[in-house]
Amino acid sequence: MRRTMIATACMLVAAPAFAQSVGEKTGVNSMLGVSPSTADFVKEVALSDMFEIEASKLAQQKGTAQEKTFAAQMVTDHTKTSTELKGLVSGGKVKAELPTALDGSHQSKLDKLKGASGNDFSADFNSIQVSAHKDAVDLFERYAKGGDNADLKAWAGKTLPALKHHLEMAQNLDKARPAPTVGERR
């Protein structure tokens with residue numbers, strides 16, 4: 001019993017330090033409310049922007065009228081945040097590397113969208129948008145509160161209201177979607 005208590009105490013003391021060294025992809029930082037490192041934040045934001053732009057371009061071709069309107073806004077807004085982030089990094093205010101291509105997780109989601117059509121496309125696109133914007137709001141909130149780069153922290157705080165609005169818009173996408181036909185899912 002005593003060993004278990006000691007082991008548990010050690011794990012609790014070490015958890016925050018361990019979580020800070022674990023990449024954002026594991027979700028541990030989010031669960032513990034730990035601010036992401038600057039490098040992780042920049043990487044996740046850049047990947048998210050690239051994915052949003054590409055997924056939204058597909059929605060402009062395949063989506064419903066409401067999804068096309070949403071997608072146009074996402075292309076505009078995520079191009080803007082991508083440009084701003086690149087400016088912070090290239091201007092020397094933020095020391096981090098920007099990814100140049102999607103990672104496997106984002107690419108597989110994009111590939112799934114490419115292969116879908118009709119209500120299947122809408123169901124996948126809408127679900128991905130809600131999930132992605134929930135993750136983005138969480139990421140930006142955590143960095144705005146505890147990030148270690150003042151310029152990036154201020155930018156995260158300034159960008160957060162737009163992301164919250166995107167989440168609301170994404171949550172409303174399903175409401176205007178037509179009922180599925182036989183063989184399709186909602």
Side-chain angles (χ1 to χ4, degrees), residues 19 21-31 34-64 66-90 94-143 152 155-156 159-160 162-167 169-171 173-174 177 180 183-186:
S21 65
V22 174
E24 280 296 308
K25 286 310 231 183
T26 64
V28 171
N29 289 1
S30 180
M31 288 186 336
V34 174
S35 178
S37 69
T38 294
D40 281 345
F41 179 75
V42 168
K43 178 183 174 188
E44 292 304 314
V45 171
L47 288 170
S48 175
D49 278 346
M50 282 189 281
F51 175 76
E52 286 297 328
I53 291 166
E54 293 306 311
S56 293
K57 285 178 181 178
L58 285 174
Q60 287 177 314
Q61 298 166 15
K62 297 178 163 197
T64 64
Q66 185 183 13
E67 290 161 355
K68 287 177 182 183
T69 301
F70 173 82
Q73 187 70 52
M74 293 307 100
V75 169
T76 299
D77 291 356
H78 287 280
T79 298
K80 178 181 182 243
T81 56
S82 185
T83 301
E84 290 171 352
L85 181 63
K86 286 175 185 173
L88 286 167
V89 172
S90 68
V94 175
K95 304 275 189 255
E97 284 199 33
L98 290 165
T100 56
L102 291 175
D103 60 3
S105 172
H106 286 94
Q107 187 62 54
S108 68
K109 289 177 190 173
L110 190 61
D111 291 343
K112 184 177 181 181
L113 288 174
K114 285 179 183 177
S117 61
N119 276 341
D120 288 343
F121 174 83
S122 292
D124 291 341
F125 179 76
N126 298 353
S127 173
I128 287 169
Q129 289 303 311
V130 171
S131 175
H133 283 95
K134 281 180 181 177
D135 290 347
V137 166
D138 174 67
L139 181 71
F140 274 72
E141 282 178 338
R142 287 184 294 119
Y143 198 87
L152 195 57
W155 178 76
T159 306
L160 195 51
L163 291 173
K164 288 180 178 180
H165 180 65
H166 290 176
L167 175 57
M169 291 169 61
Q171 289 169 330
L173 285 175
D174 265 342
R177 194 158 51 97
E184 290 185 317
R185 61 188 158 95
R186 174 119 201 197

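Count residues from 1 along the sequence. Quick note: numbers below take in every heavy atom, side chains included, and nothing from hydrogens, waters or symmetry partners. Since the model is a prediction, treat every value here as computed from it, not as a measurement.
Judged as a ring-ring contact (aromatic ring centres under 6.0 Å, His included), and not counting sequence neighbours, the contacts of F140 are F41, W155. Listed by chain and number, the residues in a side-chain hydrogen bond (donor to acceptor under 3.5 Å, both in side chains) with Q171 amount to none (sequence neighbours excluded). Not a single salt bridge (Lys or Arg N to Asp or Glu O under 4.0 Å) links K114 to another residue, sequence neighbours left out. Taking Q73 as the reference, D77 meet the side-chain hydrogen bond (donor to acceptor under 3.5 Å, both in side chains) condition, with sequence neighbours excluded. Applying the side-chain contact (heavy atoms from CB on, under 4.5 Å) criterion to V89, with sequence neighbours excluded, gives V42, V94, L98. Partners of K68 under the side-chain contact (heavy atoms from CB on, under 4.5 Å) rule, at least two apart in sequence or in another chain, do not exist in this structure.
Rounding to the nearest 0.5 Å places NZ of K80 at 13.0 Å from CG of L85. Between K109 atom NZ and S127 atom OG the span is 9.0 Å, to the nearest 0.5 Å. For the atom pair CG of L58 and OG of S117, the computed distance is 12.0 Å after rounding to the nearest 0.5 Å. Separation of atoms CG (L163) and CD (E141) is listed at 9.5 Å; rounding is to 0.5 Å. Separating the CG atom in L102 from the CG atom in L110 is a distance of 6.5 Å, to the nearest 0.5 Å. Going from atom CG of N126 over to atom CD of E67 covers 4.5 Å, rounded to the nearest 0.5 Å.
Closest of all the heavy-atom pairs between H133 and F70 is CE1-CZ, 4.3 Å. When all heavy atoms are compared, the tightest approach of K43 to P99 is O-CG, 4.0 Å. In terms of heavy atoms, T64 sits closest to S122 at CG2-OG, 3.8 Å. Of all non-hydrogen atoms in A55 and F125, the two that sit nearest each other are O-CE1, 3.7 Å. Across every non-hydrogen atom of V75 and S56, the tightest pair is CG2-CB, 3.6 Å.
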Can I get a per-line list of side-chain donor-acceptor pairs under 3.5 Å for residues 47-54, giving both atom names and the distance, sequence neighbours left out?
from: D49; atom 1: OD1; to: H78; atom 2: ND1; distance (Å): 2.7
from: D49; atom 1: OD1; to: T81; atom 2: OG1; distance (Å): 3.0
from: D49; atom 1: OD2; to: T81; atom 2: OG1; distance (Å): 3.0
from: D49; atom 1: OD2; to: S82; atom 2: N; distance (Å): 3.1
from: E52; atom 1: OE1; to: Q129; atom 2: NE2; distance (Å): 3.2

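T159 places no side-chain N or O within 3.5 Å of a backbone atom of A156 that could act as its donor or acceptor partner.
Listed by first then second residue, pairs satisfying salt bridge (Lys or Arg N to Asp or Glu O under 4.0 Å) with a partner in residues 125-136 number zero, not counting sequence neighbours.
At a threshold of 4.5 Å between non-hydrogen side-chain atoms, the residues D103 and H106 count as touching.
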